[in-house]
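Working notes, structure below.
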Amino acid sequence: QVQLVESGGGLVQPGGSLRLSCVVSGSPISIFRMGWYRQAPGKQRELVGVIRSSGTTNYADAVKGRFTISRDNAKNTAYLQMNSLKPEDTAVYYCNADYQAVGLGSYWGQGTQVTVSS
């Protein structure tokens, strides 16, 4: 079974940094696209950034220039480096793996809480 586990969340002051990790286990094939999403209190889940197997990335406008998504295929791990954090970045951050293959769909982790507050 494909499983995703996020880690690295926590409480940080505005302007601080955090690095989130997403470890994928039980993956039968390579992952086409991995992404980070977040859901803030009272808001719908939104895309933060995605990275394809080619290394191509896309980011939401709200995090461009501050967040960087990367992946280490050898370790089956994706990362989200978050710098210059703002209070509005407070949310539960979820990792997603999209295989884009017959018989495999999209998988989610349980999420990790990021709180930006002074």
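Closest heavy-atom contact between I29 and A101: CD1-CB, 3.8 Å. Minimum interatomic distance between L4 and C95 (heavy atoms only, all atoms of both residues): CD2-O, 3.5 Å. Contact record, E6 with Q110: OE1-N, 3.0 Å, taken as the closest heavy-atom pair. Closest of all the heavy-atom pairs between P14 and S118 is CD-N, 3.7 Å. In terms of heavy atoms, G49 sits closest to I69 at O-CD1, 3.6 Å. Between P28 and L104, the shortest heavy-atom distance links the atoms CG-CD1, 3.7 Å.
Counting heavy atoms from C-beta on, the side chains of M34 and S53 never come closer than 4.5 Å. Using a 4.5 Å heavy-atom cutoff, the side chains of V23 and N76 are not in contact. In this structure the side chain of S70 never reaches within 4.5 angstrom of the side chain of Q81, judged on heavy atoms. Side-chain atoms of L85 and L18, non-hydrogen and from C-beta on, do get closer than 4.5 Å to each other. Counting only heavy atoms from C-beta outward, the side chains of V114 and T90 never approach each other to under 4.5 Å.
Salt bridge absent: D89 and K86 never bring a charged side-chain N and a carboxylate O closer than 4.0 Å.
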Intermediate values then yes/no, side chain to side chain donor-acceptor pair (under 3.5 Å), N83 and S17
CA-CA 4 Å; N83 299 324; S17 299; 2.9 Å; yes
Given Y99 and S106, is the side chain to side chain donor-acceptor pair (under 3.5 Å) satisfied, shown in steps?
CA-CA 6 Å; Y99 285 90; S106 181; over 6 Å; no
When you look at T68 and Y59, which way does the side chain to side chain contact (heavy atoms under 4.5 Å, CB included) test go after all the steps?
CA-CA 8 Å; T68 303; Y59 299 94; 3.8 Å; yes
Give the intermediate values and the outcome of side chain to side chain donor-acceptor pair (under 3.5 Å) for residues S117 and T115.
CA-CA 6 Å; S117 176; T115 302; over 6 Å; no
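Atom CZ of R66 has more than 12 neighbouring heavy atoms from other residues, nucleotides or ligands inside a 6.0 Å radius.
L47 is connected to V92 through a chain of hydrophobic side-chain contacts under 4.5 Å among Ile, Leu, Val, Met, Phe, Trp and Tyr, so both are in one cluster. Each of M82 and Y37 belongs to its own hydrophobic cluster when Ile, Leu, Val, Met, Phe, Trp and Tyr are linked at side-chain heavy-atom distances under 4.5 angstrom.
Q1 CD to Q3 CD: the interatomic distance, rounded to the nearest 0.5 Å, is 7.5 Å.
Listed for the S27 side chain is no donor-acceptor partner under 3.5 Å among the backbone atoms of V24. Remark: the backbone N or O of V50 is not paired with any side-chain donor or acceptor of N58 at under 3.5 angstrom. Put simply, the side chain of S21 never gets that close to the backbone of Y79: no donor and acceptor are under 3.5 Å apart. A distance-only check finds a donor-acceptor pair linking the side chain of T77 to the backbone of K75 [under 3.5 Å].
Taking the ring centroids of F67 and W36, they lie at or beyond the 6.0 Å cut-off.
Because its NZ or CZ atom is not both nearer than 6.0 Å to the ring centre of Y94 and within 45° of the ring axis, R38 does not count as a cation-pi partner of that residue.
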